[in-house]
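Below you'll find the structure, written out as structure tokens, and then a few comments.
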Amino acid sequence: MRTVAMNFPILQVPRFRIHALASSCFESFHSLSRTGGNNSSFRILGCSTHGLEGEHGNRRWSRRPITTKTEGRNKKTLTSKTSNLRQEISDGSIATSNKLNINKSEISEFQRTQCCDIKQNIGESRDLFGLVTVIVFDIETTGFSRVNDGIIEIALQDLQGGENSTFQTLVNPERYVPNTTVHGISTQMVSKPGVPRMKDLIPILMQFVKSRQKPNGPVLWIGHNARSFDVPFLINEFTRCSFEIPPDWLFMDTIPLARQVIKSRGLKLPQKVSLEALREYYQIPLIGSAHRAMSDVYTLSMIVQRLSFDLKLPVSGFIEKSFSASDLSNVKKKNNSG
DNA sequence: TGCCAGGCCCTCTTTAGGGCCTT
């Protein structure tokens with residue numbers, strides 16, 4: 001089986017060594033290895049207080065492949081729905097579905113599961129890795145304007161791995177796609193029957209994320225330039241479709257992390273921090289076509305691992321650097337009033 | 001008529017300007 005890991009110095013050492021390196025400094029995270037294929041591609045080797053293989057200070061840790069079949073994760077109610085959902089995803093499109101019986105009341109119930117202070121709760125938790133669902137995501141759009149342009153493709157990957165850990169679909173923006181040369185996605189492609197509109201997709205997307213979410217834990221969405229581009233786009237699309245971003249969704253932008261790595265190595269900004277530049281910097285091979293959402297997600301997943309390692313940044317550090325949808329809304333209001 | 005994204009960061013800086021980054 002071909003493995004991307006072959007090309008990474010960090011991954012050329014035995015896994016237990018990788019884990020030892022990571023765990024020697026921090027509580028958990030960032031040892032994920034690609035196991036091939038488009039689905040279930042990653043396993044994160046977490047550490048916890050239930051140890052088998054090493055120590056972190058006085059704490060024992062274990063190398064524990066985590067799968068989506070974890071007991072107590074809404075398994076009965078969500079697994080079957082997710083399986084149906086996966087079956088409907090083919091050739092880059094999702095059939096709009098009523099089979100999931102998702103309605104707004106269900107979504108509202110989900111939204112009511114609020115965390116008063118998510119960051120604080122996370123910070124107080126010792127088993128961060130077992131609490132946070134880390135999702136790397138990317139979107140393709142018809143342009144840069146969050147007001148005038150629309151999403152035409154979305155892909156995400158739960159870094160926990162396991163079955164159904166990826167989600168990818170084209171989206172019908174109900175308008176002409178002017179920038180086909182950028183991503184290869186044409187008006188014809190997104191206008192095909194079966195390609196969902198955003199308002200059809202959001203409930204399915206939320207159901208997927210909910211199926212991956214750990215009990216009482218937040219979802220951390222990681223994107224490249226997410227603060228300025230992806231997240232505002234998502235917020236606008238949710239608002240336009242009369243949905244709200246769930247309050248237990250947090251977001252993190254990898255660009256500040258990349259800048260931090262550059263500075264930590266004594267390099268001067270502006271060093272390139274584009275996804276392409278970082279891919280080359282870390283010698284990550286391109287999987288699929290650049291500027292297709294899933295391909296960029298695979299690339300960013302590897303970059304996240306490397307940034308995490310270089311910065312010695314565990315999940316708790318990611319949470320500290322995260323922001324919420326309301327944070328962006330507040331900034332916008334503040335700017336408008338000013 | 002002309003413009004047309006916007007947030008972040010750096011510097012020849014901070015009551016600013018320009019480049020990067022996303023599609």
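In this text the structure is predicted, and so the values were computed from the model without any measurement. Letters A, B, ... are given to chains in the order of the sequence lines, protein chains preceding strands, and every chain is numbered from 1.
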**Request:** Mind checking A:Asp138 for me? I need base, sugar-phosphate or nothing, with any heavy atom below 4.0 Å counting as a touch.
**Result:** sugar-phosphate

**Asked** Could you give the CG-to-C1' distance, from A:Asp149 to B:dA5, as a whole number of Å?
**Response** 9 Å

**Residue whose nearest DNA chain B nucleotide is more 5′ - A:Pro232 or A:Thr142** = A:Pro232

**Message:** Does A:Ile139 reach a base, just sugar-phosphate, or nothing at all? Heavy atoms under 4.0 Å.
**Reply:** sugar-phosphate

**B:dC8 versus B:dC12 - spacing of their P atoms, nearest Å** = 23 Å

**Request:** Choose from B:dT22, B:dC21, B:dC10 the nucleotide whose nearest atom is closest to any side-chain atom of A:Lys272.
**Result:** B:dC21

**Complete:** By nearest-nucleotide position on DNA chain B, the 5'-leaning member of A:Pro256 and A:His291 is A:Pro256

**Prompt:** Is the shortest heavy-atom distance from the side chain of A:Asn225 to the side chain of A:Asp253 under 4.5 Å?
**Reply:** yes

**Asked** Considering only side-chain heavy atoms of A:Arg227, which listed nucleotide, B:dT22, B:dG7, B:dT23, is closest?
**Response** B:dG7

**Prompt:** How far does the P atom of B:dG17 sit from the matching atom of B:dC4, given to the nearest Å?
**Reply:** 15 Å

**A:Phe229 over B:dT23, stacked by centroid distance under 5.5 Å, angle under 30°** = no

**Spacing between A:Trp221 atom CH2 and B:dT22 atom P, to the nearest angstrom** = 19 Å

**Message:** As an exercise, state the distance from CZ of A:Phe238 to CE of A:Met206, rounded to the nearest 0.5 Å.
**Reply:** 5.5 Å

**Nearest-Å distance for atom pair CZ/C1', residues A:Arg175 and B:dT23** = 11 Å

**Interatomic distance, A:Met252 CE vs B:dG7 C1' [rounded to whole Å]** = 17 Å

**Message:** Looking only at the side chain of A:Arg146 (C-beta and beyond, no hydrogens), which of the listed nucleotides B:dC10, B:dT23, B:dG7 gets closest?
**Reply:** B:dG7

**Complete:** d(A:Leu311 CG, A:Gln260 CD) to nearest 0.5 Å is 4.5 Å

**Request:** Using only heavy-atom distances, decide whether a donor-acceptor pair under 3.5 angstrom links the side-chain of A:Asn179 to the base of B:dT23.
**Result:** yes

**Prompt:** Taking atom P in both B:dT13 and B:dG18, what distance in whole Å separates the two?
**Reply:** 13 Å

**Message:** Is there a side-chain contact between A:His224 and the phosphate of B:dT22, meaning an N or O under 4.0 Å from OP1 or OP2?
**Reply:** yes

**Fill in**
Value for CD1 (A:Ile202) from CZ (A:Arg240), rounded to nearest 0.5 Å, stands at 7.5 Å

**Asked** Given atom CZ of A:Phe251 and atom P of B:dG7, what is their separation to the nearest angstrom?
**Response** 16 Å

**Message:** Using atom C1' in both nucleotides, what's the gap between B:dT23 and B:dT11 to the nearest angstrom?
**Reply:** 28 Å

**Complete:** Testing B:dG6, B:dC20, B:dT23 for proximity to the side chain of A:Ser228, the answer is B:dG6

**Asked** Rounding to the closest angstrom, what is the interatomic distance between B:dG19 and B:dG2 at atom P?
**Response** 24 Å

**Prompt:** Taking CG from A:Leu278 and P from B:dC21, how many angstroms apart are they, rounded to a whole number?
**Reply:** 8 Å

**Item:** Residue pairs passing the salt bridge (Lys or Arg N to Asp or Glu O under 4.0 Å) test where at least one lies in residues 175-190 of chain A, sequence neighbours excluded
**Value:** A:Asp149-A:Arg175

**Item:** Among B:dC21, B:dT23, B:dC10, the nucleotide that comes nearest once only the side chain of A:Glu140 is considered
**Value:** B:dT23

**Request:** Report the residues that fulfil side-chain hydrogen bond (donor to acceptor under 3.5 Å, both in side chains) with A:Tyr176, sequence neighbours left out, ordered by chain and then residue number.
**Result:** none

**Message:** How many whole angstroms separate atom CG of A:Asn236 from atom C1' of B:dA5?
**Reply:** 11 Å

**Request:** Can you tell me, in whole Å, how much space there is between the P of B:dT1 and that of B:dT14?
**Result:** 38 Å

**Asked** What integer distance in Å separates A:Asp296:CG from B:dC21:C1'?
**Response** 13 Å

